[in-house]
Amino acid sequence: MHIRGDHAELVVGGRLDVRSAADARTVLHAAVDDGAGDLVLDLTGLDSWDATGLGVIMGVHRRAGRCGRRLVLRGVPPQMQRLLVATRLHRILAIEGGLAAESLPRV
């Protein structure tokens, strides 16, 4: 996993899982603490995430809220969009441009 950027926009690539969660949490929390306004997390290069990685994202979301900031997800891959819909987290997290129609549940 790799994260690059600053306190306003970060690009995450690789795998966000149990092995990379601690490092990711440290970098993302520092970005929240050191900035102001929206923190954009570009997930275009993210290959996969597990429950621990999703927990990191939610922790950053909560921390940003406590700091008067908003976490905004950009470029959420389709597989991860489906996971956000299945867990109903798409209702809580700010997702730039919303979710693609194919990721929403069929009725």
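Note: hydrogens, waters and symmetry copies are ignored here, and every other heavy atom, side chains too, is used. Throughout, numbering of the chain's residues begins at 1 and tracks the sequence. Predicted, not measured: the structure shown is a model, and the values here were computed from it.
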Enquirer: Quickly, which of D47, L43, L83 forms a side-chain contact (heavy atoms from CB on, under 4.5 Å) with P77? Name it, please.
Expert: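 So the option named by the test is L43.
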Enquirer: With hydrophobic residues grouped by side-chain heavy-atom distances under 4.5 Å, do L28 and L89 end up in a single group?
Expert: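 L28 and L89: one cluster.
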Enquirer: Is there a path of hydrophobic side-chain contacts, each under 4.5 Å between heavy atoms, that joins V40 and L73?
Expert: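 V40 and L73: separate clusters.
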Enquirer: Does any N or O in the side chain of D6 come within less than 3.5 Å of the main-chain N or O of A8, such that one atom is a donor and the other an acceptor?
Expert: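 Looks like yes, one N/O pair under 3.5 Å.
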Enquirer: Among H61, M58, R62, whose side-chain contact (heavy atoms from CB on, under 4.5 Å) with L71 holds?
Expert: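 Exactly one option meets the side-chain contact (heavy atoms from CB on, under 4.5 Å) with L71, and it is H61.
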Enquirer: Applying the 4.5 Å side-chain criterion to the ILVMFWY set and letting contacts propagate, would L10 and L54 be lumped into a single cluster?
Expert: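 Looking at the clustering, L54 is in the same group as L10.
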Enquirer: Is there a chain of hydrophobic side chains (I, L, V, M, F, W, Y, each step under 4.5 Å between heavy atoms) that links L39 to I95?
Expert: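 In one cluster: yes.
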Enquirer: Would you say L16 and I92 are hydrophobically clustered, going by side-chain heavy atoms of ILVMFWY under 4.5 Å?
Expert: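 Yes: a chain of side-chain contacts under 4.5 Å links L16 to I92.
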Enquirer: Rounded to the nearest 0.5 Å, what separates atom CG in L46 from atom NE2 in H2?
Expert: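 That separation rounds to 9.0 Å.
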Enquirer: Drop me the distance from E9's CD to R4's CZ, to the nearest 0.5 angstrom.
Expert: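 Going from CD on E9 over to CZ on R4, the span is 9.5 Å.
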Enquirer: First locate atom CZ of R25, then atom CD1 of I57, and finally report the distance between them rounded to the nearest 0.5 Å.
Expert: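 Here the interatomic distance stands at 10.5 Å.
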Enquirer: Measuring from I3:CD1 to L41:CG, what's the distance to the nearest 0.5 Å?
Expert: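 Between I3 CD1 and L41 CG, I get 7.0 Å after rounding to 0.5 Å.
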Enquirer: Could you check whether any side-chain N or O of R69 sits under 3.5 Å from a backbone N or O of V32, counting only pairs where one atom can act as donor and the other as acceptor?
Expert: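 Yes: the side chain of R69 pairs with the backbone of V32.
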Enquirer: If you round to the nearest 0.5 Å, how far is CZ of R19 from CG of D50?
Expert: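 One finds 8.5 Å between CG of D50 and CZ of R19.
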